[in-house]
Amino acid sequence: MVELHLLVRRLRPLLSLVLLMLALWLLVQALVLRSGWYYRWVEPGSTVGAVHGALRMAGKQHTPGRFNVLVLGDSRVNEGVSFPLANRAAGTQINLVRASVAGAAPRIWYYLLRKIDPHCERFDAVALTASFDATGDMLAGNLADRKLDIAYLGPLVGLRDLHEMPASFTDPDLQQRARRSILLPLLGLREDIRQLFTDFDKRRDVLQWHREHGIASALNYPGRDERLPELEFSSGSTSPPPLHEVPEPARPYVAAYLRRLLGAPSNEPTWVEENHAHTEHWLGRIAKRCEPGNPRLLLLQLPRGPYHAALAAPFELSDAARRLVRDHGFELVHPDGLPTLETPEFYFDGLHLNAAGRQRYSESLGAALGKALSADIANLPNAESD
């Protein structure tokens, strides 16, 4: 007993030093990250920078006195929707607010919405933009164990999420990585911090440009001019035709998309049912979070892909989306003319609309939203004067 007491006395200075270092580490994280200070300096082109940019854009675009619709989605929104065009087609009273992040999936939408509008009382409607077709997204992979999600969550989660967010992964290794990202967020930013201090002047200039021009540049982006070629498909074949006419950067997307669409034999699971359940879970969470503020909840259907018109059955709402409509108050907005967009002339790869597709879809989407929200617009205080 005496020896144990002596050992404790000898180790006390070391233990005190360890506790002090831990306290300082937690304090640094609280001051630098939990406060949100560092995210104003993060590389805009990084995943974390994209999230911070979406948060900033959502705050800047909100316009009091108009019917503000927060639009969440992924790169298909960034590439496929011109918000100025869609707003003009929707009518002067509607203001579509872009909060889409390239690579974002339903789990990220939930945490992004929580950060933008914690009580769901700032926006009149929240719109989730994806494919709600029964066949699912062609290139989605396994959404529940999507490793990329962890990279987006730094600005969006905190210690209160230490149990719930990691538990949303099924892979134990990803659960551990998610916990570490919450407990030690600075570790995930080591490379960004190194780059910041290696070339501080360059980062400062890039950020200055983004603060002055980033939002206008994103909103005025015209889209890409490239288009996919027409392809000849052999009757009954499950193998994609030669893709030598498809531009090299787009070939992997198009090849994977066509294999899925044609039902090519594969050892990889399609995850369609699992992904529908994952999407239903997180969109259901969004609906529950939005109950106090009671905004309109919308599902905005995207065109499904460049060769759907030739090879796929007509659009059919998935069972998960039907339950979201029936049980959670979501409304499907299916713009007119979507089948005409599901052709290669309107895509630059297997996932994204090109400039021509962007224009058509934006106008069609805006018109559909104007029609769906017409009753709400008529009740705005200044509707008659406008």
Side-chain angles (χ1 to χ4, degrees), residues 71-77 80-81 104-110 126-146 170 233 236-238 240 253-287 297-344 346-347 349-353 357 361 364-365 368-369 372:
V71 180
L72 298 166
D74 55 23
S75 60
R76 289 170 296 180
V77 174
V81 181
R107 177 165 38 205
I108 304 301
W109 298 346
Y110 171 80
V126 175
L128 294 308
T129 311
S131 177
F132 300 98
D133 183 55
T135 59
D137 283 344
M138 289 289 102
L139 303 173
N142 178 8
L143 291 179
D145 283 335
R146 196 164 175 270
T170 62
F233 298 92
S237 173
T238 59
Y253 271 119
V254 174
Y257 161 77
L258 286 175
R259 284 196 297 269
R260 289 281 307 279
L261 192 58
L262 292 166
S266 173
N267 294 326
E268 297 182 4
T270 61
W271 303 106
V272 172
E273 293 303 320
E274 293 86 349
N275 287 346
H276 282 320
H278 178 86
T279 299
E280 182 180 0
H281 169 77
W282 286 104
L283 269 59
R285 293 283 306 277
I286 286 175
L297 298 173
L298 309 173
L299 304 178
L300 308 184
Q301 173 65 23
L302 287 163
R304 296 171 296 170
Y307 298 100
H308 266 71
L311 299 172
F315 172 81
E316 180 185 352
L317 192 64
S318 70
D319 290 339
R322 292 181 194 278
R323 288 190 292 270
L324 287 168
V325 171
R326 183 189 67 208
D327 301 332
H328 297 286
F330 281 92
E331 307 163 53
L332 179 70
V333 177
H334 192 85
D336 292 337
L338 284 190
T340 65
L341 283 168
E342 296 177 341
T343 60
F346 295 117
Y347 278 80
D349 65 13
L351 194 63
H352 301 98
L353 292 168
Y361 180 68
S364 180
L365 177 65
L369 282 169

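Here His278 contributes atom NE2 and Asp145 contributes atom CG; the two are 9.5 Å apart, rounded to the nearest 0.5 Å. Note that CG of Leu283 is 4.5 Å distant from CD1 of Ile286, once rounded to the nearest 0.5 Å. Rounding to the nearest 0.5 Å gives a distance of 7.5 Å between OG of Ser318 and CG of Leu324. From His281, atom NE2 reaches atom CG of Leu143 across 12.5 Å, with rounding to the nearest 0.5 Å. Note that OG1 of Thr170 is 6.0 Å distant from CG of Asn142, once rounded to the nearest 0.5 Å. Separation of atoms CG (Asn275) and CZ (Arg146) is listed at 10.0 Å; rounding is to 0.5 Å.
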What's the verdict on side chain to side chain contact (heavy atoms under 4.5 Å, CB included) for Leu365 and Leu300, showing C-alpha distance, side-chain angles and the deciding distance?
CA-CA 8 Å; Leu365 177 65; Leu300 308 184; 4.1 Å; yes

Stepwise side chain to side chain contact (heavy atoms under 4.5 Å, CB included) check, Trp109 with Arg285
CA-CA 10 Å; Trp109 298 346; Arg285 293 283 306 277; over 6 Å; no

Residues Tyr347, Leu341; criterion side chain to side chain contact (heavy atoms under 4.5 Å, CB included); working and verdict
CA-CA 9 Å; Tyr347 278 80; Leu341 283 168; 5.6 Å; no

Would Leu353 and Leu302 count as a side chain to side chain contact (heavy atoms under 4.5 Å, CB included) if you check the C-alpha gap in whole Å, the side-chain angles of each, and the deciding distance to 0.1 Å?
CA-CA 10 Å; Leu353 292 168; Leu302 287 163; 5.7 Å; no

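Under a cut-off of 6.0 angstrom, the local environment of OH in Tyr110 is crowded, with over 12 non-hydrogen atoms contributed by other residues, nucleotides or ligands.
Side chains of Ser364 and Asp336: a donor-acceptor N/O pair is absent below 3.5 angstrom, by distance only. Checked by atom type, the side-chain pair Thr135/Asp133 shows a donor-acceptor distance below 3.5 Å.
Side-chain N or O atoms of Glu316 include none that pairs as donor or acceptor with a backbone N or O of Ala134 at under 3.5 Å. Panel note: side chain Arg259, backbone Pro240; no donor-acceptor pair is recorded below 3.5 Å. Under the 3.5 Å distance criterion, the side-chain polar atoms of Gln301 are matched with a main-chain donor or acceptor of Phe132. For the pair Tyr257 (side chain) and Leu351 (backbone), a donor-acceptor distance under 3.5 Å is absent. Without hydrogens or angle criteria, Arg322 side chain to Leu317 main chain gives a donor-acceptor distance under 3.5 Å. Listed for the Asp349 side chain is no donor-acceptor partner under 3.5 Å among the backbone atoms of Val254.
Classification of the Phe233-Tyr307 ring pair by plane angle, with boundaries at 30° and 60°, yields perpendicular.
Nearest heavy atoms, Ala287 versus Phe330: CB-CE1, 3.8 Å. Contact record, Ser237 with Leu262: O-CD2, 3.9 Å, taken as the closest heavy-atom pair. Here the shortest heavy-atom pairing between Arg304 and Ser131 reads CG-OG, 3.9 Å.
Among Arg76, His276, Arg260, the single residue meeting the side chain to side chain donor-acceptor pair (under 3.5 Å) criterion with Asp137 is Arg76.
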